[in-house]
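Below: the structure, in structure tokens.
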2 protein chains.
Amino acid sequence: MRKESPRWLGILKKMKEKGYRLTPQRLAVAKIVSESQEHPNAQRIYERIRNDFPGLSLATIYKIMAVLKDLGEVMELSVGVGGSRYDGARPYPHPHLICTGCQRIWDPEIPMLEDLPRKLAQKTGFQIHRHRLDFFGLCPRCQRRHSWRNEE
Amino acid sequence: MRKESPRWLGILKKMKEKGYRLTPQRLAVAKIVSESQEHPNAQRIYERIRNDFPGLSLATIYKIMAVLKDLGEVMELSVGVGGSRYDGARPYPHPHLICTGCQRIWDPEIPMLEDLPRKLAQKTGFQIHRHRLDFFGLCPRCQRRHSWRNEE
DNA sequence: TTTTCTGCAAATGCTTTGCATGGGA
DNA sequence: TCCCATGCAAAGCATTTGCAGAAAA
């Protein structure tokens, strides 16, 4: 059983193939988003990179995210507050479970939805490129916190 | 077979019950969003109301939408461009088919998804309040337009 | 050497807020 | 009359853009 090679290696390869230049900034961002399980937003990526990479600007993060989206290596999710979140660990459509208390995001396993886009395309004549299925609510922890407070 | 009473009548009733005041502006917005099938954004509502209601400001539209959301009489959808869109005709979770060419939105019929939120809540311990299921792609018309252009 | 990328600051687009005035109840 | 709602302008926030200098290839 061999250790899989890290995802960001494949990302670098794709970058070269598509004619993008390899820069330390892109390498650093690719590493972080491909390995993170926390669905970070731009600001969060910025903070995590600052540690060992001062002098990288937020505008550059956005530019790099555009490249990674173009490569199909990250997916952008909008949760309504705090800006777009990025999923670089699973950059393909899949359901999300979003806590409106702590803004954390989970990836639940839901089978049976695989051929829904295809069936819908057939029925409507649409050409479907992507979809999203998101559930909003309170995670178990926030249910406890909120039971004696009074917000949503 | 009787004609159903217009939705906005029920909205007015709810407003009174919740202690909101009845103003001409609120009445006009409630009418438009409850009868529109086009999932308008704030700007669009603003334009449609201007016709016979000049002097209503965009800021007020937003304030009124907050009231209607609080009443559960509109649902806000985010499609990524052009700001939030509002569904006042079917203000409950249901799938959307969103054309990334013309930004129009359809409401396809998809059965069988009803108890998915409940099952997921059971499995994960989440308290699920709402969900969204959106499909992005090109409508038949935009497929034709785009076949000789070169955008997405 | 050429061309792309970065980093800063300014601009953008949507939405919200503060506050004085107007208008429901 | 008493507050709440409106309308304007300004502020807010996430994201994008323009451009000069830095750095890949």
field: Interatomic distance, B:K16 NZ vs D:dC4 P [rounded to whole Å]
entry: 18 Å
query: Does CZ in B:R141 sit with more than 12 non-hydrogen atoms of other residues, nucleotides or ligands closer than 6.0 Å?
result: no
field: Rounded distance in Å - CE (A:M15) to C1' (D:dA24)
entry: 13 Å
task: Verify, without hydrogens or angle tests, whether B:K69 (side chain) and B:V74 (backbone) share a donor-acceptor contact under 3.5 angstrom.
output: no
- line: Residues in residues 35-63 of chain B with a heavy atom under 4.0 Å of DNA chain C, by number, are B:A59, B:Y62, B:K63
query: Which atoms form the tightest heavy-atom contact between A:G82 and A:N41, and what is the distance?
result: O-ND2, 3.0 Å
- prompt: Between B:R85 and B:E76, is there a side-chain N and carboxylate O pair less than 4.0 Å apart?
  reply: no
field: Nucleotide D:dA23, atom C1' - distance to CG of A:L27 in whole Å
entry: 15 Å
- prompt: Hey, is CD on A:E17 packed in by over 12 heavy atoms from elsewhere, all under 6.0 Å?
  reply: yes
Whole-Å distance separating the CD atom of B:Q25 from the P atom of D:dT6: 5 Å
query: Quick one: A:R21 CZ to C:dT6 C1', roughly how many Å, whole number?
result: 12 Å
query: At under 4.0 Å, does any side-chain N or O of B:S84 touch on OP1 or OP2 of C:dT15?
result: yes
message: Both A:Y20 and B:R85 contact DNA chain C. Which one's nearest nucleotide lies toward the 5' end?
response: A:Y20
message: Does A:R26 contact C:dC5 through a side-chain donor or acceptor facing the base, at a distance under 3.5 Å?
response: no
query: With a 4.0 Å cut-off, would you call B:E35 and B:R48 a salt bridge?
result: no
message: Rounded to whole Å, how long is the line connecting atom CD of A:E76 with atom C1' of D:dT16?
response: 13 Å
- request: Round to a whole Å and report the spacing from CG of B:L68 to P of C:dT15.
  value: 15 Å
B:E73 with B:R7: basic N within carboxylate O range, under 4.0 Å: yes
message: Please compare B:G82 and B:P24 by the position of their nearest nucleotide in DNA chain C and report the one closer to 5'.
response: B:G82
task: Can you tell me the distance, in whole Å, between the CE atom of B:M65 and the C1' atom of D:dT6?
output: 17 Å
